Amino acid sequence: MNHSISLTVNGVRRDIELDDPRVTLLDLLRERLHLTGTKKGCDRGQCGACTILIDGRRINSCLTLAVSHDGADILTIEGVARGDQLHPLQAAFIAHDGLQCGFCTPGQIMSAIGLINEGQAGDDPERIREAMSGNLCRCGAYSGITEAVLDVQNSLAEANQRRSA
Amino acid sequence: MKTFDYVRPASVSDAVAAATEPGAAYLAAGTNLLDLMKGGITRPDRLVDITRVPGLDRIEPMPDGGLRIGALVRNADLAHDAEFARSYPSVAEALLSGASAQLRNAATVGGNLLQRTRCAYFYDTASACNKREPGSGCDARIGENRLHAVLGWSDACIATHPSDFAVPLVALDAVVEIAGKTGRREVALEDFHRLPGDTPERESVLEPGELLVALRLPAEARGFSAHARYLKVRERTSYAFAVVSAAAALRIENGAIRDARLALGGVAAKPWRARSAEKLLEGQRPDAASFRRAAEAALADAKPSGDNEFKIELAQRVLVRALLLALAGTPKRVPALPASPFSSPAGAFA
């Protein structure tokens with residue numbers, strides 16, 4: 001039986017006919033919509049490489065069925081830059097060497113955007129490390145990743161302070 | 001993954017009707033179920049997606065001062081609900097000790113309680129496992145079993161229940177609401193999960209087609225909010241299942257323990273309420289000596305199921321440490337960054 005779903009992906013509405021309910025959101029993005037920035041690492045919810053935002057919240061796209069997300073608003077790594085202008089987290093990952101091979105980086109950046117949206121970690125490195133523990137980096141760029149997230153958190157806090165001053 | 005029918009009912013009664021057929025499974029976030037289906041461990045013929053059933057995603061105060069939490073409330077939303085975290089801080093702390101931020105954003109509270117064991121032999125379809133395939137045997141008994149149960153296990157199964165959330169819940173007398181074909185019923189969470197016995201494939205008291213619709217915390221449990229902690233020991237600092245964990249909650253009056261609530265995680269096929277230890281603490285001075293006596297009582301019936309004798313002593317120490325953390329007081333900032341065995345009981349993370 002076919003299932004029709006409609007998603008907004010990076011601001012663009014996509015109407016999709018699913019001929020199989022087994023398709024995960026990750027496979028839909030990569031194989032059907034050809035958005036291959038979202039990576040398939042473990043495909044079992046352990047590595048975080050497939051992290052995307054659904055309605056502003058970070059989740060593992062490998063552990064959810066596309067068919068159950070009719071109407072969802074999805075943001076992937078392809079949707080975070082504005083033209084040539086990098087998202088602040090993308091720029092911070094480069095500035096702080098938050099990567100080596102780069103395979104985990106889209107998931108790390110999407111996870112960090114989710115973390116900042118959640119507003120729970122603040123500028124506490126301990127909380128940032130805890131909140132980023134769902135994203136593995138086998139190159140071991142963790143210290144750079146934490147610094148990048150901290151940097152963006154601090155700039156946001158400063159900007160907010162200036163606004164309220 | 002085996003093919004399946006996918007249905008999305010719009011009400012609890014439609015869901016129950018759709019799930020009554022053999023081979024049907026409820027789908028919420030799917031963070032555990034899809035993993036199991038990808039591995040061929042669970043092979044449902046039909047998925048009944050309950051994520052659009054209205055009314056199951058609310059956190060509601062009860063007229064008697066208790067709290068009702070719908071089965072579809074996401075783990076992260078519950079942990080970060082300010083009123084909930086203030087009233088039941090050890091439950092929020094346990095939620096934040098589990099999984100990763102991504103998984104907590106998706107996973108539901110009902111799914112958390114119904115998640116399956118992480119025993120590696122259950123997950124490996126080439127191994128014998130009485131839980132996955134009744135009667136096939138248990139390869140864990142002769143395999144890597146240092147993380148397996150030390151309480152309530154049987155010759156048929158030595159797996160543990162992996163939930164953190166369930167541990168303080170069982171300590172605080174949570175109740176689950178269940179919907180079935182013949183109406184609704186309630187079960188104390190302590191009686192919800194089953195010990196393996198000869199039927200390890202039956203993990204809870206849910207009958208086929210029954211749906212867990214909500215969880216309730218009694219008003220009385222708020223009385224422990226000033227002294228309630230959850231401590232989890234794991235093989236890495238974050239994003240790992242418990243080797244052993246403990247929930248401890250105290251009510252202290254005039255320098256003595258008026259009431260204690262204790263439970264252990266990672267030690268049995270269910271969250272393990274330590275009632276004998278609670279009784280020992282009543283009326284006692286809260287100190288390391290009385291905590292140690294209580295911890296010894298909590299593990300009095302423990303026995304190793306393999307290379308895991310160390311867990312018996314570890315569980316006692318974790319329980320003592322959780323009690324010391326609870327005595328020092330609930331952290332000012334809740335939900336707390338999960339307690340760590342590396343922090344001092346004086347509250348380095350408080």
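In what follows, chains are A, B, ... by sequence order, proteins preceding strands, each numbered from 1. These numbers were taken from a predicted model, which means no experiment stands behind them.
- In this structure, chain B has a heavy atom under 4.5 Å from the side chain of A:E118, while its backbone stays farther away.
- When heavy atoms are compared at a cutoff of 4.5 Å, B:D49 approaches chain A solely by way of its side chain, counted from C-beta outward.
- Only the side chain of A:T51 comes within contact range of chain B, judged by heavy atoms closer than 4.5 Å.
- Side-chain contact, B:D35 with A:Q46: no donor N or O sits under 3.5 Å from an acceptor N or O.
- For A:L115, no part lies under 4.5 angstrom from a heavy atom of chain B.
- Between the side chain of B:R52 and the backbone N or O of A:S68, at least one donor-acceptor pair lies under 3.5 Å.
- Counting heavy-atom pairs closer than 4.5 Å to chain B, the top-ranked of the candidates A:L65, A:D124, A:T64 is A:L65.
- Ranked by heavy-atom pairs shorter than 4.5 Å toward chain A, the options B:L27, B:N105, B:D5 are led by B:N105.
- Residues B:D77 and A:R57 are paired through a salt bridge, judged by an N-O separation under 4.0 Å between the basic side chain and the carboxylate.
- Chain A forms more heavy-atom pairs under 4.5 Å with one residue of B:A99, B:A29, B:G39 than with any other, namely B:G39.
- Here the CG atom belonging to B:L34 is positioned 12.0 Å from the CZ atom belonging to A:R22, to the nearest 0.5 angstrom.
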Chi angles and distances behind the side-chain contact (heavy atoms from CB on, under 4.5 Å) call for A:D70, B:R8 | CA-CA 11 Å; A:D70 186 27; B:R8 199 158 65 203; 4.2 Å; yes
